[in-house]
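Right, one structure below, let's go through it.
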Amino acid sequence: PTPAIAGFASRAAMSDEGRFLFYASQPRVLSELDFDQVCGGREPGVGVLGCYTLADGRIALFDIVNVDLQDFEVVVAAHEMLHAAWDRLSEAEQAALAAPLEEVFAGVAPDSELAERVAAYEAADPASRIPELYAIVGTEIADLPPVLEEHYARWFDDRGQVVALWQQVEAIFVELEAELERLNAELERLAAEIATEQDAAERVARRLEADIEAFNARAARPGGYTSQEAFQRDRRALIQRQDALSRSIDATNAKVDEYNTLVEQFEALNAQAAALGKELNIDPEPLEPGAEPPAEP
């Protein structure tokens with residue numbers, strides 16, 4: 001093995017038998033073009049980082065160059081080693097593992113990324129469900145029933161090491177998605193407030209305009225005001241309403257500025273997510289803001 005391949009085996013804490021299967025599968029790290037030719041095409045939002053080809057029993061790994069994500073390459077290497085292991089299990093051994101694997105997967109939230117990933121595998125090839133669960137559960141799920149822990153101990157000296165690496169990389173995307181969702185919720189809240197305030201300001205402005213016209217007409221009519229005091233009182237009241245409306249519009253405009261600033265942050269974060277996705281061989285599928293942008297004040 002090359003130093004990189006040997007490093008994957010060590011960092012994943014593969015046992016001697018797991019390391020033997022990994023090396024026997026002649027793993028190689030490929031650039032994007034070469035990898036796609038070996039492992040097939042891609043779909044938007046789905047990243048393929050490795051494959052075990054049944055025809056020749058070889059492992060191909062996507063070359064992840066981002067240093068913040070390189071731990072993922074170790075996880076993928078372990079995942080593909082488990083595919084090589086599954087390929088060598090007897091039908092009886094495979095059948096005995098199906099039920100405990102399904103039991104573990106039953107505890108996964110149906111709207112989670114993992115559930116969606118397994119559904120995508122199954123949609124592409126219904127027969128892939130249990131083999132994929134076998135590789136995923138062994139590298140991504142920390143707490144397993146004894147029957148599975150004992151089985152995976154055949155391939156790993158310390159399976160917790162590869163699971164910890166998975167959790168570190170997963171946390172990057174979980175935090176990024178959480179921040180995108182937080183910004184999106186804030187944009188929706190601000191858009192709703194802005195729309196409500198703008199509607200209210202328009203109603204107030206229409207009433208004020210009508211009252212100003214009525215005041216001007218009364219002031220221009222002989223005998224409309226019988227005292228200067230009454231004239232000044234009504235005039236001051238209209239000016240106060242004008243000032244209040246101006247303050248209200250200024251406050252709404254400040255929220256529009258805040259909204260536009262958040263949109264910039266949202267778009268920058270989306271770009272960051274797309275860049276990270278590209279590093280993981282994922283064609284970008286950016287999240288769109290849920291709120292419509294506010295109308296110009």
I'd like a table of donor-acceptor pairs (distance under 3.5 Å, sequence neighbours excluded) in which one partner is a side-chain atom from residues 199-210, with atom names and distances.
none

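- Heavy atoms only, all atoms of each residue included: Met14 and Ala78 are closest at CE-CA, 3.9 Å.
- Listed by chain and residue number, Trp86, His151, Tyr152 satisfy the ring pair (Phe, Tyr, Trp, His ring centres under 6.0 Å) test with Tyr134 (two or more places apart in sequence, or in another chain).
- Evaluation of the ring pair (Phe, Tyr, Trp, His ring centres under 6.0 Å) rule for Phe231 yields Phe215, Tyr225 as partners, not counting sequence neighbours.
- Proximity of Tyr52 to Asp87: side-chain heavy atoms (C-beta onward) are separated by under 4.5 Å at one or more points.
- Sorted by first then second residue, the salt bridge (charged side-chain N to carboxylate O under 4.0 Å, His left out) pairs that include residues 153-174, not counting sequence neighbours, are Glu17-Arg154, Glu93-Arg154, Glu149-Arg159.
- Here the options are Leu245, Leu238, Asp243, Ile239, the test is side chain to side chain contact (heavy atoms under 4.5 Å, CB included), and the partner is Arg241; only Leu238 passes.
- With sequence neighbours excluded, the residues that form a side chain to side chain contact (heavy atoms under 4.5 Å, CB included) with Glu150 are Pro146.
- Screening residues 224-240 for salt bridge (charged side-chain N to carboxylate O under 4.0 Å, His left out) gives Arg218-Asp234 as the qualifying pairs, with residues at least two apart or on separate chains.
- With a 6.0 Å radius and a threshold of 12 heavy atoms from other residues, nucleotides or ligands, Asp125 has its CG atom above the threshold.
- The closest side-chain heavy-atom distance from Trp155 to Leu82 is below 4.5 Å.
- The two residues Arg129 and Val118 have their closest heavy-atom pair at NH1-CG1, 3.9 Å.
- Heavy-atom minimum distance, Tyr259 versus Ile194: CB-CD1, 4.1 Å.
- At least one side-chain heavy atom of Phe72 sits under 4.5 Å from a side-chain heavy atom of Leu49.
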